[in-house]
Participant: 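One structure coming up, written as structure tokens, with questions to follow.
The structure presented is a predicted model; accordingly, all values stated were derived computationally and were not measured. Per chain, numbering begins at 1; letters A, B, ... match sequence-line order.
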Amino acid sequence: MSDPKDTINIENVVASTGIGQELDLQSVAMDLEGADYDPEQFPGLVYRTQNPKSAALIFRSGKIVCTGAKSTDDVHESLGIVFDKLRELQIPVDDDPEITVQNIVTSADLGRNLNLNAIAIGLGLENIEYEPEQFPGLVYRLDEPKVVALLFGSGKLVITGGKQPVDAEHAVDKIVSRLSELGLLD
Amino acid sequence: RLRKWQERIRTKDAGERNLQFALSEIDRMSSALGVPRSVREVASVIYRRALKEDLIRGRSIEGVSTSALYAACRQEGIPRSLEEVSEVSRVERKEIGRTYRYVSQELGLELEPVDPKQYVPRFASALDLSEEVQGKANEIIDETAEQGLLSGKSPTGYAAAAIYAASLLCNEKKTQREVADVAQVTEVTIRNRYQEQIEAMGIPS
DNA sequence: GCTTTAAAAAGTAAACT
DNA sequence: AGTTTACTTTGTAAAGC
């Protein structure tokens, strides 16, 4: 019996932090190679790191959002690169800015096809959203952990909204046991 | 005091005018879609419930009206696709879909996913196909859905493919383009669903 | 509410070859 | 006919309109 938990893979981590220093984004955009800054379109400056791959949104307030990292370690590594780049521009950056993980996106595989119609009825139409005309996934919101799962006919799923990697494991466990007790995993 | 009274009347009048506008829009769109009067009444009831539950706030009257009609068609078992509904509405498809999901959730409509078979009579008659073809299409839909092929697939594309397959099997062939046009899906979608359904039915191509 | 960023799932659409 | 690219859904922070 393969455990669906073993198939969990972190696909994206979103985190926020701040360097404790206001910035002149116009000059940062001039000096930082590869920076995208269009204040008319969006107030943040976009800076992409290559290793690890991620995208940082840098704001005038000095607050930064990092997205696209594949692990919490990568988030710290990516932001470390951003901090160093800013220091190279003679911008004072706090020694160890606090980094807060805001969202973790995970994928997993239940290992068997799912009858989404039956699952929609089984879990209760009031507890799910399943509109195959609009999107092929069934949307299932869990209270504990507080995450959202997207279930697909292939048995694969996406879990998002979690703040810790364990949230995805708990979510998969709950989903598997719930579907099992409803007899929808046979 | 007089001011407050006048304001109340003004608000009441505005609300009344908005309701009349919504109901006339539901009527206009219903006529354009050719849905029975009973469906318009169901749509009106849904719209009034949405109004009572204050679901219009932050949304357009047109959007809620259109969503109410879309929901009513589904509730009455004669669905119109979002594509079809958006053609007679001035709200775009994406907005109708998200407003429908919101209204449906808040009012607890609990509508089941659309059964592709519900599109068969309308699509088939638009294509001048016989009862035999319709029966065959329904058979294909039931049998392949039972094998789990329906999960995640759009009901219109699924019905279109089954009708296309049935028309071939009954020697009343319609081209993929003809079926795609009435169902408002692409030929690529019909080809993809058709291949799966034919294989699941064990019909050699 | 919107704007932007990232990534997965799987279906569909538009535009091509 | 089949391919490529792009969009649909979910969640999340940031600043500003």
Participant: Do A:E133 and B:S154 have side-chain atoms, one donor and one acceptor, less than 3.5 Å apart?
Facilitator: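 Looking only at side-chain atoms, B:S154 and A:E133 do not form any donor-acceptor pair under 3.5 Å.
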Participant: Can B:L150 be reached from A:L114 by stepping across I, L, V, M, F, W or Y side chains whose heavy atoms are under 4.5 Å apart?
Facilitator: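 In one cluster with A:L114: B:L150, no.
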Participant: So does A:E129 pair up with A:R141, basic N to acidic O under 4.0 Å?
Facilitator: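 Yes, A:E129 and A:R141 are salt-bridged.
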Participant: Around atom CD of A:E181, are there more than 12 heavy atoms of other residues, nucleotides or ligands at under 6.0 Å?
Facilitator: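 Check passes, neighbour count above 12.
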Participant: Under a criterion of less than 4.0 angstrom to any heavy atom of chain B, what are the 5'-terminal and 3'-terminal contacting nucleotides of DNA chain D?
Facilitator: D:dA1 to D:dT10
Participant: Indicate yes or no: does B:E196 engage B:K153 in a salt bridge with an N to O separation below 4.0 Å.
Facilitator: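 Salt bridge: yes.
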Participant: Evaluate whether atom CD of B:Q147 has more than 12 neighbouring non-hydrogen atoms of other residues, nucleotides or ligands under 6.0 angstrom away.
Facilitator: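 For B:Q147, atom CD is crowded (more than 12 foreign heavy atoms under 6.0 Å).
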Participant: Just to be sure I understand the geometry, which residues of residues 96-103 of chain A put a non-hydrogen atom under 4.0 Å away from DNA chain C?
Facilitator: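 Those residues whose heavy atoms fall under 4.0 Å from DNA chain C, taken from residues 96-103 of chain A, amount to none.
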Participant: Over all strands shown, is A:V105 touching base, sugar-phosphate only, or nothing at heavy-atom distances under 4.0 angstrom?
Facilitator: base
Participant: Using a strict cut-off of less than 4.0 Å between a Lys/Arg side-chain nitrogen and an Asp/Glu carboxylate oxygen, indicate whether A:R48 and A:D36 qualify as a salt bridge.
Facilitator: yes
Participant: Given B:E187, which of B:R177, B:K174, B:R193 fulfils the salt bridge (Lys or Arg N to Asp or Glu O under 4.0 Å) condition?
Facilitator: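 Of the listed options, the one satisfying the test is B:R177.
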Participant: Between A:D167 and A:K163, does any side-chain N to carboxylate O distance fall below 4.0 Å?
Facilitator: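 No.
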Participant: Students often get this wrong, so: under 4.0 angstrom with heavy atoms, is B:R101 touching a base, only sugar-phosphate, or nothing?
Facilitator: sugar-phosphate
Participant: So where does chain A start and stop touching DNA chain C, 5' to 3', when the test is distance under 4.0 Å to a non-hydrogen atom?
Facilitator: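 Span of nucleotides near chain A: C:dT3 to C:dG11.
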Participant: Of B:Q176 and A:F152, whose nearest nucleotide on DNA chain D comes first from the 5' end?
Facilitator: B:Q176
Participant: Using the P atoms only, state how far D:dT12 lies from C:dA10, rounded to an integer number of Å.
Facilitator: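 Going atom to atom, P in each nucleotide, I get 23 Å.
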Participant: Determine the Euclidean distance between corresponding C1' atoms of C:dA7 and D:dT3; express it in Å to zero decimal places.
Facilitator: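 23 Å, rounded to whole Å.
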Participant: Would B:R59 and B:Y102 count as a cation-pi pair here, with the cationic atom under 6.0 angstrom from the ring centre and within 45° of the axis?
Facilitator: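 That pair qualifies as a cation-pi contact.
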Participant: Is the number of heavy atoms from other residues, nucleotides or ligands within 6.0 Å of CG (A:D6) greater than 12?
Facilitator: yes
Participant: Under 4.0 Å from any atom of DNA chain C, heavy atoms only: list the residues of residues 53-65 of chain A that qualify, in numerical order.
Facilitator: A:K53, A:A55, A:L57
Participant: Heavy-atom count around A:E126 CD within 6.0 Å, excluding the residue itself: above 12?
Facilitator: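 It does: A:E126 CD has more than 12 such atoms within range.
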Participant: Between D:dG2 and C:dA8, how far apart are the two P atoms, rounded to whole Å?
Facilitator: 27 Å
Participant: Nearest 0.5 Å, what's the CD1-NE2 distance between A:I175 and A:H170?
Facilitator: 13.0 Å
Participant: Using a heavy-atom cut-off of 4.0 Å across all strands, would you classify B:G152 as base, sugar-phosphate, or nothing?
Facilitator: sugar-phosphate
Participant: Applying side-chain hydrogen bond (donor to acceptor under 3.5 Å, both in side chains), can you list everything that pairs with B:R93, at least two apart in sequence or on another chain?
Facilitator: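 Residues passing side-chain hydrogen bond (donor to acceptor under 3.5 Å, both in side chains) with B:R93: none at all.
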Participant: Pick base, sugar-phosphate or nothing for B:R98, based on heavy-atom distances below 4.0 Å to the nucleic acid.
Facilitator: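 B:R98: backbone/sugar contact only, no base atoms under 4.0 Å.
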Participant: Taking 4.0 angstrom as the limit, do B:R122 and B:E84 come out as a salt bridge?
Facilitator: yes
Participant: Checking all strands, does A:V147 fall into the base, sugar-phosphate, or nothing category for heavy-atom contacts under 4.0 angstrom?
Facilitator: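 A:V147: no heavy atom of the nucleic acid under 4.0 Å.
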Participant: Taking NZ, NE, NH1 and NH2 as the nitrogens, is one of them in A:E131 or B:R101 under 4.0 Å from a carboxylate oxygen of the other?
Facilitator: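 So A:E131 does not pair with B:R101 through a salt bridge.
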Participant: Describe the nucleic acid contact of A:T67 in one word from base, sugar-phosphate, nothing, applying a heavy-atom distance below 4.0 Å.
Facilitator: base
Participant: State, with a plain yes or no, whether a side-chain heavy atom of A:V65 is found less than 4.5 Å away from one of A:F59.
Facilitator: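 Yes, their side chains come closer than 4.5 Å.
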Participant: In dot-bracket form, how is DNA chain C paired, counting a Watson-Crick or G-U wobble pair only if both its distances are under 3.5 Å and using | for bases paired to another strand?
Facilitator: ||||||.|.||||||||
Participant: If you look at every strand shown and take non-hydrogen atoms under 4.0 Å, does B:E83 touch a base, only sugar-phosphate, or nothing?
Facilitator: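 Result for B:E83 = nothing.
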Participant: At under 4.0 Å between heavy atoms, what does B:R193 touch on the DNA or RNA strands: base, sugar-phosphate, or nothing?
Facilitator: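 Counting heavy atoms under 4.0 Å across all strands, the contact made by B:R193 is with sugar-phosphate only.
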